[in-house]
Amino acid sequence: MPKMIEKVERLVTEINKIHEQYAKDYFETGKVEKVNLSRTFSKVPTEYILAYRLHLHESINDYLYKADVKDINFYYRVKTTESILDKIDYHRKRETTYPVNTILNDIFGARVILDSHDVNAILNKIDDWKDNYKLSNWYLKDADGYIGVHAYFAPNGNFPWELQIWDEKDAKQNIESHKQTLASK
C-alpha cells in the first residue's frame, strides 16, 4: 500500500480514536446532561449544541496533540457558532424531521488533499475502512462545482465528525464553491 494511503488510513484511525475518547470524556462523565441527538431541533436545546461546540473548540488541540498525526498534512476546523445557528434556523423554518445528529454531522471537520491516484486508491479501500474503523457513512459528493469524498465518524449516537478527502485537482474549485455557498447565505 502506498505511503500516503497508509497515512490517510492512520488519520482515519486517529480521528476515530479521538472522537470516541472525546465523546466519552464529554458525554459520559456526568457533567453534561444526556440529550437524545436522534431527535429533531424542537427537542434538542440550542444551548446544548453550542456548549458542545464551544467545549470541542477549546479542547480539540489537546486531543490532536496526543494523536499520531504530526507527519500527516491535513486541515481541520470546528464549525462556527454562526454556521450552526444558520443550519438550525434553516431546518426549524422548514420544520424538517431530520435528527440533529444527522444535520449537524460536521461540527468537527478534517480535510486531506491528495493526488488523483491516491484518491482513487482510497475509494477502493474506504468500504473496508468503514467496517474496520466505525465510519458510519461515506459518499462521493459531486454537486455545484464541488467534488469530494465525505466520511463520517459517529460513536454511540453522538455528534458525528467528518473527514473530507479532496483530489488536489478539485481543491481550487471546491474552495470557490464553498465561498459561493457562504456568500449566498
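Heavy-atom basis, side chains included; hydrogens, waters and symmetry copies ignored. In this text the structure is predicted, and so the values were computed from the model without any measurement.
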Q: If I compare all heavy atoms of P160 with all of L104, which pair ends up nearest, and what's the gap?
A: CD-O, 3.8 Å
Q: Residues in salt bridge (Lys or Arg N to Asp or Glu O under 4.0 Å) with K34, at least two apart?
A: E28
Q: Please report the closest heavy-atom contact between V35 and P45, naming both atoms and the distance.
A: CG1-CD, 4.4 Å
Q: Side-chain heavy atoms under 4.5 angstrom apart, residues restricted to Ile, Leu, Val, Met, Phe, Trp, Tyr: same cluster for L54 and I84?
A: no
Q: Could you state the interatomic distance from OG (S42) to CD (E95), rounded to the nearest 0.5 Å?
A: 9.0 Å
Q: So I147 and L140, do their side chains get closer than 4.5 Å, heavy atoms only?
A: yes
Q: Can you tell me how far CD1 of I88 sits from CZ of F41, rounded to the nearest 0.5 angstrom?
A: 5.0 Å
Q: Between the side chains of D106 and K87, is the shortest nitrogen-to-carboxylate-oxygen separation below 4.0 Å, so that they form an ion pair?
A: yes
Q: Rounded at 0.5 Å granularity, tell me how far NZ in K169 sits from CG in D115.
A: 11.0 Å
Q: For D68, give me all partners under side-chain contact (heavy atoms from CB on, under 4.5 Å), at least two apart in sequence or on another chain.
A: R10, E14
Q: Quick check on the hydrophobic clustering: are I175 and Y146 connected, directly or via other members, by side-chain heavy-atom contacts under 4.5 Å?
A: yes
Q: If you define the side chain from C-beta out and look only at heavy atoms, does anything of V8 sit under 4.5 Å from D118?
A: no
Q: Quick check: closest heavy atoms across Y133 and E9, and the distance to 0.1 Å?
A: OH-OE2, 2.7 Å
Q: Distance from N16 atom CG to L163 atom CG, nearest 0.5 Å?
A: 11.0 Å
Q: Side-chain contact test, heavy atoms from C-beta onward, threshold under 4.5 Å: evaluate it for R92 versus Y90 and give yes or no.
A: no
Q: Test of understanding: clusters of I, L, V, M, F, W, Y form through side-chain heavy atoms closer than 4.5 Å, transitively. Do V12 and W166 belong to the same one?
A: no
Q: Using side-chain hydrogen bond (donor to acceptor under 3.5 Å, both in side chains) as the criterion, list what pairs up with K31, not counting sequence neighbours.
A: none
Q: Tell me, with the steps shown, if T81 and L85 meet side-chain contact (heavy atoms from CB on, under 4.5 Å).
A: CA-CA 6 Å; T81 298; L85 291 173; 3.9 Å; yes
Q: To check you understand the geometry: which heavy-atom pair defines the closest contact between Q164 and E162, and what is its length?
A: NE2-OE1, 3.1 Å
Q: Any idea which heavy atoms bring P99 and S38 closest together, and the distance?
A: CB-O, 3.4 Å
Q: Taking the six-membered ring of F153 as reference, does the cationic atom of K134 (NZ for Lys, CZ for Arg) lie under 6.0 Å from its centre and within 45° of its axis?
A: no
Q: Do S177 side-chain atoms and D144 backbone N/O form a donor-acceptor pair below 3.5 Å?
A: yes
Q: Would you say V32 and F159 are hydrophobically clustered, going by side-chain heavy atoms of ILVMFWY under 4.5 Å?
A: yes
Q: Quick one: does V149's side chain get under 4.5 Å of I122's, heavy atoms only?
A: no
Q: Could you pull out all residues at least two apart from D170 that satisfy salt bridge (Lys or Arg N to Asp or Glu O under 4.0 Å)?
A: none
Q: For H57, I'd like to know if atom NE2 has over 12 heavy atoms of other residues, nucleotides or ligands within 6.0 Å.
A: no
Q: Quick check: do D71 and K7 have side-chain heavy atoms less than 4.5 Å from each other?
A: yes
Q: Do T96 and T40 touch side chain to side chain, with heavy atoms closer than 4.5 Å?
A: no
Q: Would you please test D167 and L114 for side-chain contact (heavy atoms from CB on, under 4.5 Å) and show each step?
A: CA-CA 5 Å; D167 190 316; L114 309 169; over 6 Å; no
Q: What I'd like to find out is whether the side chain of Y152 reaches to under 4.5 Å of the side chain of Y139, using heavy atoms alone.
A: yes
Q: Applying side-chain contact (heavy atoms from CB on, under 4.5 Å) to R39 and V100, what does each step give before you reach the verdict?
A: CA-CA 6 Å; R39 310 219 32 212; V100 168; 6.0 Å; no
Q: Considering only heavy atoms from C-beta outward, does the side chain of R53 approach that of V78 to under 4.5 Å?
A: yes
Q: May I have the step-by-step check of side-chain contact (heavy atoms from CB on, under 4.5 Å) for Y75 and I113, ending in yes or no?
A: CA-CA 9 Å; Y75 309 91; I113 301 172; 4.1 Å; yes
Q: Rounded to the nearest 0.5 Å, how far apart are CZ of F108 and CZ of R77?
A: 8.5 Å
Q: With sequence neighbours left out, what residues match D89 under side-chain hydrogen bond (donor to acceptor under 3.5 Å, both in side chains)?
A: K93
Q: Report the relative orientation of the aromatic rings in H55 and Y26; use parallel for angles under 30°, tilted for 30 to 60°, perpendicular for over 60°.
A: tilted
Q: Any chance the rings of Y22 and Y52 have centres within less than 6.0 Å?
A: yes
Q: Is it the case that one hydrophobic cluster holds both V44 and W161, taking links as side-chain heavy atoms less than 4.5 Å apart, direct or via other members?
A: yes
Q: Give, for atom CD1 of I165 and atom CG of L123, the distance between the pair rounded to the nearest 0.5 Å.
A: 7.5 Å
Q: Only counting residues at least two apart or in another chain, list the ones meeting side-chain contact (heavy atoms from CB on, under 4.5 Å) with L64.
A: I18, I60, N61, F74, Y76
